[in-house]
Amino acid sequence: MPNNNAKSSFGQSLQFITEIKLQELEKQRLAYQIHAKVLERAKVLEECGDLLKKVEVLAKAVKSWTGSGELNYSKIVGGKLQLKNLEFWIQQAKHDPNFNQKIAEGWAETLEDHIRHTVMRFDSAKLFGNLFNEWLASGDSVALTYQPRPSDNDSEFIEVGRKEMYEHKEKLISIVFDDYPVPVPELNMYLEELFASEEASRALGALRKEIKDFGSSLQRKPITVQDVRNAITGLLTTGLMDEEKRTTLKAFEENSTVLNEVASVLNMRMASLDTWAWPKEGVLVEFRRHLNGKYSLWKFWFRAFTDPEIMDALLLHHLGVAWQVKLKSCLTTLFGSKAWIRPIPPKQEEKKRRVEQLRVPQDAYSIDVERENNRHSMFFVTQLQERADRPKSYGDLVDAPQKTEPDQMNAAQIKQKLLHIITTESYLNTALYGTHAIVCSDLEWFGPSLPHTSILTVLEFLGISKTWLSFLQAFLSAPIRFEGEDEPRTRKRGTPIGYALSVFCGEAIIFIMDFVVNQRANGLFLHRMHDDLWLWDASAQKVAGGWAEMNKYAQLVGLKFNQTKTGSAYVGPPEDASGLPEGDIRWGFLIFDPKESRFVFDQKEIDKNIVEMRRQLASTKSVFGWVNTYNKYISYILRNLGGVPANCFGKAHIDGVIGTLSRIQRELFDDGSGSAVGYLRKTIQGRFGITNLPEGYFYFPIGSGGLELRNTVLELLSLQRHGKPLVSYGQEEDSDGEAHHRNSDDDDSADSVEVFIEHKAMADQKFKKRIEHDQKLYSHLKNVWDKDRDNRRGKRGSSGSQDFMSFEEYASLRESWLTNWGESYRDMLQSPKRCFVELVPKVKEALTQSTRSWGDMDWYEQWVVSMYGDEVVKRFGGLDAVDPNLIPVGMVQLFRSSRIKLDQ
């Protein structure tokens with residue numbers, strides 16, 4: 001079980017450090033209140049008509065302050081007045097009869113504004129301290145607290161949570177200890193038949209040899225200090241270890257002597273790998289509550305984690321990652337081999353003819369090339385690590401940001417790209433063939449239900465040696481105990497959650513399903529995110545055939561499809577859709593509408609999430625906790641509405657997303673506050689008595705004293721296409737109503753057709769428009785070919801005497817060869833550009849006094865600063881509401897990275 005004392009100590013230490021800093025800040029605030037009384041004296045001097053004396057008094061007060069916001073002689077007050085120069089100017093004003101008194105009035109105003117702004121910054125700092133102390137004491141972050149602290153009216157929800165956990169536990173128990181009767185002979189026969197072709201058999205032989213050789217070398221290869229570091233880094237990205245053990249692992253990382261000792265111990269354990277076993281007393285299973293990021297925010301589920309001993313965890317992770325990297329390498333080789341069914345390439349002569357006539361090679365930017373790249377990079381055994389030093393994290397899509405390497409996409413990004421591809425493929429197939437079929441599903445209780453016999457049978461078929469099979473059998477057959485049980489029971493099904501070896505076993509099983517679909521459904525590709533499964537094609541029969549084979553294999557290995565998440569859709573004649581499963585096609589809060597051949601919004605699902613979001617916000621006990629929860633939930637909702645839209649989404653979809661986000665705001669804040677900002681204004685006034693906060697305060701980053709509230713509508717409104725706002729994007733028209741965008745240099749050129757298509761076709765019409773213009777582009781290419789016939793006849797090896805290909809052949813190459821179609825396809829998958837705002841003089845002036853620079857800001861920060869900066873500067877005298885030097889930086893980082901504590 002988690003170590004609550006460790007968590008409590010962690011929170012107390014942070015709170016202690018923060019309190020020291022905030023106490024110092026409060027001392028300075030009180031001191032400056034006394035210092036600012038100079039404004040009263042200055043007012044008296046002004047009333048007496050001694051303006052220059054007033055300026056001297058104010059200047060002395062500004063120069064004499066040595067706390068936060070102090071100014072030395074080199075600093076400029078309010079962007080207008082340099083203190084060093086002011087001394088000379090005052091002397092001039094005293095002795096120069098020509099001096100204009102209005103200039104001195106400006107000096108006085110600038111100095112007074114500076115003092116008032118400093119007072120306001122200190123008041124804002126006090127508010128900041130109050131907000132942080134409130135957050136620390138509230139328990140609104142699981143980074144600081146473990147046990148939930150429900151309010152009196154939350155008992156109903158707590159009971160529901162306990163009921164869910166109890167049901168989940170009972171279901172898990174009914175699965176993991178019940179051995180599934182796998183028909184091993186039939187499974188082996190099925191696998192042998194699957195790899196029966198000459199090419200597949202050759203690829204399988206090479207894979208088995210590599211796997212066997214690797215297994216032998218891994219046993220003999222010493223574990224190095226770098227291996228230990230990699231294992232620690234990888235373990236920390238999982239949810240496997242409790243907080244105390246995670247702290248220990250972090251301490252290991254920082255001590256080279258300890259790392260050497262750990263490597264030595266792990267090498268000793270490797271030497272006796274054949275006798276490795278779990279502790280005899282068993283491993284305790286802990287249920288942890290998670291948001292179901294795949295589908296609906298209001299549904300919760302529990303995952304059963306074990307908490308291994310540190311050395312076992314490091315050893316198992318090291319071995320699991322090593323096997324993942326090797327298996328991915330081998331399967332990727334197979335994917336690129338002739339064993340993997342792909343469209344038959346043209347013969348050499350035919351290929352040469354097409355290259356000459358179309359002026360482009362086959363592999364240049366075609367739709368099929370783009371598909372192949374996407375399948376390989378995002379959907380083919382992507383759960384497996386490619387390198388030991390690049391851990392993969394498939395954490396909760398709501399709860400915490402997922403860190404990846406610069407060239408890696410995280411799970412949320414891949415999921416969003418999948419939606420773009422599905423939408424684009426639907427438009428493409430509908431335009432080209434008039435039909436489109438799609439199936440989605442996932443495997444029910446995939447991890448917990450995997451029969452060990454199936455895992456070991458498939459791994460043995462792939463070439464794993466008896467030695468490693470014996471070790472894996474020991475790993476899988478863990479003796480486990482649930483809370484309240486004394487005697488452990490040996491699990492017979494399933495892989496323990498959070499282990500690299502579990503991912504290795506699971507991906508090996510589902511890879512066979514990938515290969516099954518490819519081999520038995522004529523090259524169809526199974527788009528997969530772990531056990532989320534998607535099939536589509538213009539041919540419903542092809543998709544139905546792939547689905548049938550998936551069911552056959554699943555039954556053999558003891559897997560079951562989740563019926564509630566299985567569905568299909570078909571665009572075309574109803575009689576052609578036989579063999580597809582029943583149910584809807586859903587992606588987040590979207591549902592596929594066959595009539596429109598696109599995803600539309602499921603408002604009922606959104607309504608449920610509004611109810612849950614309102615309840616979770618109401619359960620927070622601090623302003624920072626409320627903002628943190630709001631930001632993560634509203635970002636989650638945006639992702640499940642499709643996220644930042646790609647070009648494949650039309651105006652109706654984008655308007656719908658913005659309208660839905662606005663509706664969520666209205667319904668969440670139907671108490672009269674009207675919006676998130678309105679609610680926060682009301683709350684801060686009620687709790688702390690602060691009013692008249694500028695709008696930018698709520699959006700500015702917490703590092704400068706703001707609340708860092710996320711504005712998801714801004715994320716959409718900042719998009720542009722062809723230099724215009726995306727929301728109002730539409731076709732320009734001539735006076736006769738015809739869309740236009742022609743190349744003025746050559747209306748008959750191929751380029752002019754491309755520009756016309758790319759700029760003017762709306763998302764759902766892009767491919768249909770391209771079909772309409774294929775004849776024109778074909779005629780252009782044919783004319784060029786015919787005019788150049790005589791020149792080609794004199795060239796050796798030229799096929800210039802041949803006639804130009806027929807239009808039917810040309811049209812058949814739209815997906816496999818034509819670059820203009822490939823460019824349209826890629827354009828549909830790309831996201832619109834951000835409309836970056838220009839740095840205006842007032843903001844530029846304020847930035848010179850700020851700790852931030854324009855170049856260091858991302859597009860979102862630049863928008864916020866540009867829109868709200870002037871108002872913030874008028875209130876606080878700069879872009880920082882609080883002196884950044886006085887903000888507890890560690891607590892700021894904790895706020896940004898902390899996970900929301902779900903109300904039970």
Side-chain angles (χ1 to χ4, degrees), residues 168-169 171-180 182 187 234-235 237-241 276-278 282-288 290 301-308 312-313 315-328 381-385 391-395 442-462 464 468-482 488-513 528-532 554 557-560 562:
H168 190 101
K169 175 181 175 181
K171 179 65 176 178
L172 187 65
I173 290 174
S174 71
I175 293 174
V176 298
F177 301 122
D178 182 21
D179 195 10
Y180 181 84
V182 178
L187 177 56
L235 275 175
T237 64
T238 71
L240 197 58
M241 316 295 284
W276 182 89
W278 294 100
V283 185
L284 187 65
V285 175
E286 173 202 348
F287 283 93
R288 301 180 193 169
H290 283 246
W301 57 308
F302 290 86
R303 301 177 71 189
F305 284 84
T306 57
D307 190 23
D312 273 342
L315 177 66
L316 293 174
H317 191 83
H318 168 72
L319 295 176
V321 168
W323 275 111
Q324 280 191 41
V325 172
K326 187 59 186 179
L327 183 63
K328 178 147 191 174
V381 293
T382 50
Q383 197 84 356
L384 299 175
Q385 284 187 216
K392 282 185 174 290
S393 175
Y394 289 84
D442 81 349
L443 294 165
E444 187 175 56
W445 291 86
F446 171 67
S449 70
L450 265 175
H452 295 173
T453 304
S454 296
I455 294 172
L456 297 172
T457 300
V458 168
L459 290 176
E460 184 176 18
F461 177 81
L462 294 177
I464 300 288
W468 283 105
L469 288 173
S470 177
F471 169 74
L472 289 169
Q473 175 75 70
F475 166 73
L476 294 169
S477 304
I480 59 176
R481 294 182 296 110
F482 293 94
R489 288 180 283 176
T490 302
R491 69 184 304 163
K492 298 179 180 179
R493 289 173 69 180
T495 56
I497 288 176
Y499 290 85
L501 278 171
S502 298
V503 176
F504 166 72
C505 294
E507 285 294 288
I509 288 285
I510 313 186
F511 160 75
I512 299 297
M513 186 177 287
R528 178 167 67 80
M529 291 181 64
H530 191 35
D531 62 334
D532 273 357
V557 295
L559 293 174
K560 184 180 179 183
N562 189 334

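Keep in mind that the numbers below use all heavy atoms, side chains included, and drop hydrogens, waters and symmetry copies. Since this is a predicted model, take the numbers as computed values, not measurements.
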Working to the nearest 0.5 Å, report the span between [atom1] of [X] and [atom2] of [Y].
X: Ile510; Y: Arg528; atom1: CD1; atom2: CZ; result: 5.0 Å
X: Leu559; Y: Glu444; atom1: CG; atom2: CD; result: 10.5 Å
X: Ile512; Y: Glu507; atom1: CD1; atom2: CD; result: 11.5 Å
X: Met513; Y: Leu443; atom1: CE; atom2: CG; result: 5.5 Å
X: Gln324; Y: Lys326; atom1: CD; atom2: NZ; result: 14.5 Å
X: Ser502; Y: Ile497; atom1: OG; atom2: CD1; result: 8.5 Å

Chi angles and distances behind the side-chain contact (heavy atoms from CB on, under 4.5 Å) call for Phe504, Leu472:
CA-CA 11 Å; Phe504 166 72; Leu472 289 169; 4.2 Å; yes
Exercise: identify the closest heavy-atom pair between [X] and [Y]:
X: Pro308; Y: Ala313; answer: CG-CB, 3.7 Å
X: Lys328; Y: Thr382; answer: NZ-CA, 3.7 Å
X: Val182; Y: Pro451; answer: CG2-CB, 3.7 Å
X: Ser477; Y: Thr490; answer: O-CG2, 3.6 Å
X: Pro448; Y: Val176; answer: O-CG1, 3.8 Å
X: Pro488; Y: Pro479; answer: CB-CB, 3.9 Å

Can you find a pair of side-chain heavy atoms, one from [X] and one from [Y], that are under 4.5 Å apart?
X: Gln383; Y: Met529; result: no
X: Gln385; Y: Val503; result: no
X: Trp445; Y: Leu172; result: yes
X: Ile455; Y: Leu476; result: yes
X: Thr453; Y: Leu187; result: no
X: Leu319; Y: Phe471; result: yes
X: Ile480; Y: Phe177; result: yes
X: Leu240; Y: Tyr499; result: yes

- Indicate the ring-plane relationship of His530 and Phe446, choosing parallel, tilted or perpendicular according to the 30° and 60° boundaries.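 Perpendicular, since the angle between the ring planes exceeds 60°.
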Between Trp278 and Asp312, is any side-chain donor less than 3.5 angstrom from a side-chain acceptor?
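There is no such pair (donor and acceptor under 3.5 Å, judged by atom type) between the side chains of Trp278 and Asp312.
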Going through the checks in order, is the side-chain contact (heavy atoms from CB on, under 4.5 Å) test met by Leu315 and Trp276? CA-CA 10 Å; Leu315 177 66; Trp276 182 89; 4.0 Å; yes
